[in-house]
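Single-structure report; data block below.
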Amino acid sequence: MVSSEHEHRIARRFATFDQDGNGYIDREDFGTAAKALLAEFGTPARSGKGQALYAGAEAFWQGMAGIADRDGDQRITRDEFVGGAVKRLHDNPDRFAEIARPFLHAALDIADPDGDGLATVEDTVRVLRVLGVPEDLARTIAGALDTDADGRIGEAEIVPAFARYFTVPE
Ligand code: CA
Ligand code: CA
């Protein structure tokens, strides 16, 4: 049974990926997300961290296309997203974590200026917000991740949380 609540949620997930809002998800959207993150944290695109983010964005796109782009036209339509990505990722959240990990790893690296592998809760909220997660939800996610309440979040926490956001109901 498909509720309107469910449809609404899927529409929001699709909008998060469709960064430029042109109605389909393609490689450009991942490049746009990477560019927005670099701008948010003032990281040069040509830096090692910037290049790692673009490489992660490309891997993320390739993984999503492999899962959802059924007709191989290098675009994920809303139908392909709903019929392919959502169902398959829901059935296999680990797979989603795997394809998103290089991108999220690079994003956390950018949000982690002292390089200790941990980002602050505030910086994690910034990352999620730039990626299109609504502010209040980004705060809920980031706050819940900081289980020991030291104000810092590591990759081991953020990758599964991001996967949950896209694959299971809120
Ligand atoms: Ca798009
Ligand atoms: Ca397609």
Side-chain angles (χ1 to χ4, degrees), residues 2 4-47 49-111 123-139 141-142 158-170:
V2 177
S4 62
E5 175 88 16
H6 181 71
E7 297 267 306
H8 185 63
R9 206 154 46 217
I10 287 174
R12 272 208 308 263
R13 300 298 189 273
F14 185 82
T16 304
F17 278 105
D18 181 15
Q19 294 265 322
D20 60 11
N22 65 353
Y24 53 84
I25 300 164
D26 69 2
R27 178 179 273 115
E28 286 282 303
D29 292 311
F30 288 83
T32 301
K35 201 171 163 188
L37 272 171
L38 292 176
E40 174 76 16
F41 291 95
T43 308
R46 287 169 183 277
S47 65
K49 287 183 175 189
Q51 292 301 300
L53 187 67
Y54 277 112
E58 173 64 18
F60 198 174
W61 157 247
Q62 293 286 345
M64 287 295 289
I67 286 169
D69 181 21
R70 279 171 302 185
D71 62 3
D73 69 350
Q74 301 293 305
R75 293 176 176 186
I76 300 169
T77 62
R78 207 179 146 108
D79 276 355
E80 287 175 326
F81 185 75
V82 173
V86 173
K87 180 168 188 333
R88 292 179 67 182
L89 294 173
H90 181 267
D91 292 347
N92 190 357
D94 288 349
R95 172 76 187 125
F96 183 74
E98 196 183 302
I99 65 174
R101 187 180 302 278
F103 178 73
L104 291 175
H105 178 86
L108 271 187
D109 224 20
I110 284 167
D123 286 339
T124 303
V125 169
R126 280 170 78 188
V127 168
L128 293 172
R129 221 183 42 218
V130 170
L131 295 179
V133 178
E135 167 104 28
D136 53 343
L137 188 55
R139 291 207 170 274
I141 292 172
I158 192 135
V159 173
F162 194 73
R164 273 199 306 277
Y165 169 69
F166 281 105
T167 56
V168 300
E170 283 147 27

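All ligand and atom numbering here is 1-based and tracks the order in the structure. The analysis underlying the following values was restricted to heavy atoms, covering all of them including side chains, and did not include hydrogens, waters or symmetry mates.
The side-chain heavy atoms of F103 and L53, taken from C-beta on, include a pair separated by under 4.5 Å. A 4.5 Å side-chain heavy-atom check between R139 and V125 finds at least one atom pair inside the cut-off. With a 4.5 Å cut-off on side-chain heavy atoms, F30 and Y54 do not count as touching. I99 places a side-chain heavy atom less than 4.5 Å from the side chain of I67. Counting heavy atoms from C-beta outward, F41 and V127 have side chains that approach closer than 4.5 Å.
At the Ca ion (ligand 1), the vertex angle linking OD1 of N22 with O of Y24 is 80° (nearest 10 degrees). Draw a line from the Ca ion (ligand 2) to OD1 of D73 and another to OE2 of E80, and the angle between them is 150° (to 10°).
Taking the N/O/S atoms of D71 in turn, the shortest distance to the Ca ion (ligand 2) belongs to OD1. Distances from the Ca ion (ligand 1) to the N/O/S atoms of D18 are shortest for OD1. Closest to the Ca ion (ligand 2) among the N, O or S atoms of D69 is OD1. With respect to the Ca ion (ligand 1), D20 has OD1 as its nearest N, O or S atom.
At a cut-off of 3.0 Å, Q19 is not counted among the residues with an N, O or S atom near the Ca ion (ligand 1). At a threshold of 3.0 Å, the Ca ion (ligand 1) has no backbone or side-chain N, O or S atom of D26 nearer than that distance. Residue contact annotation: D29 places an N/O/S atom under 3.0 Å from the Ca ion (ligand 1). The Ca ion (ligand 2) has an N, O or S atom of R75 under 3.0 Å away, backbone or side chain. Put simply, T32 stays out of reach of the Ca ion (ligand 1), with no N, O or S atom under 3.0 Å from it.
Using modelled atom types, no side-chain atom of D94 and backbone atom of E98 make a donor-acceptor pair closer than 3.5 Å. When atom types are taken as modelled, the side chain of D29 and the backbone of D18 share no donor-acceptor pair closer than 3.5 angstrom.
Among all heavy-atom pairs drawn from I76 and F81, the shortest one is CG2-N, 3.8 Å.
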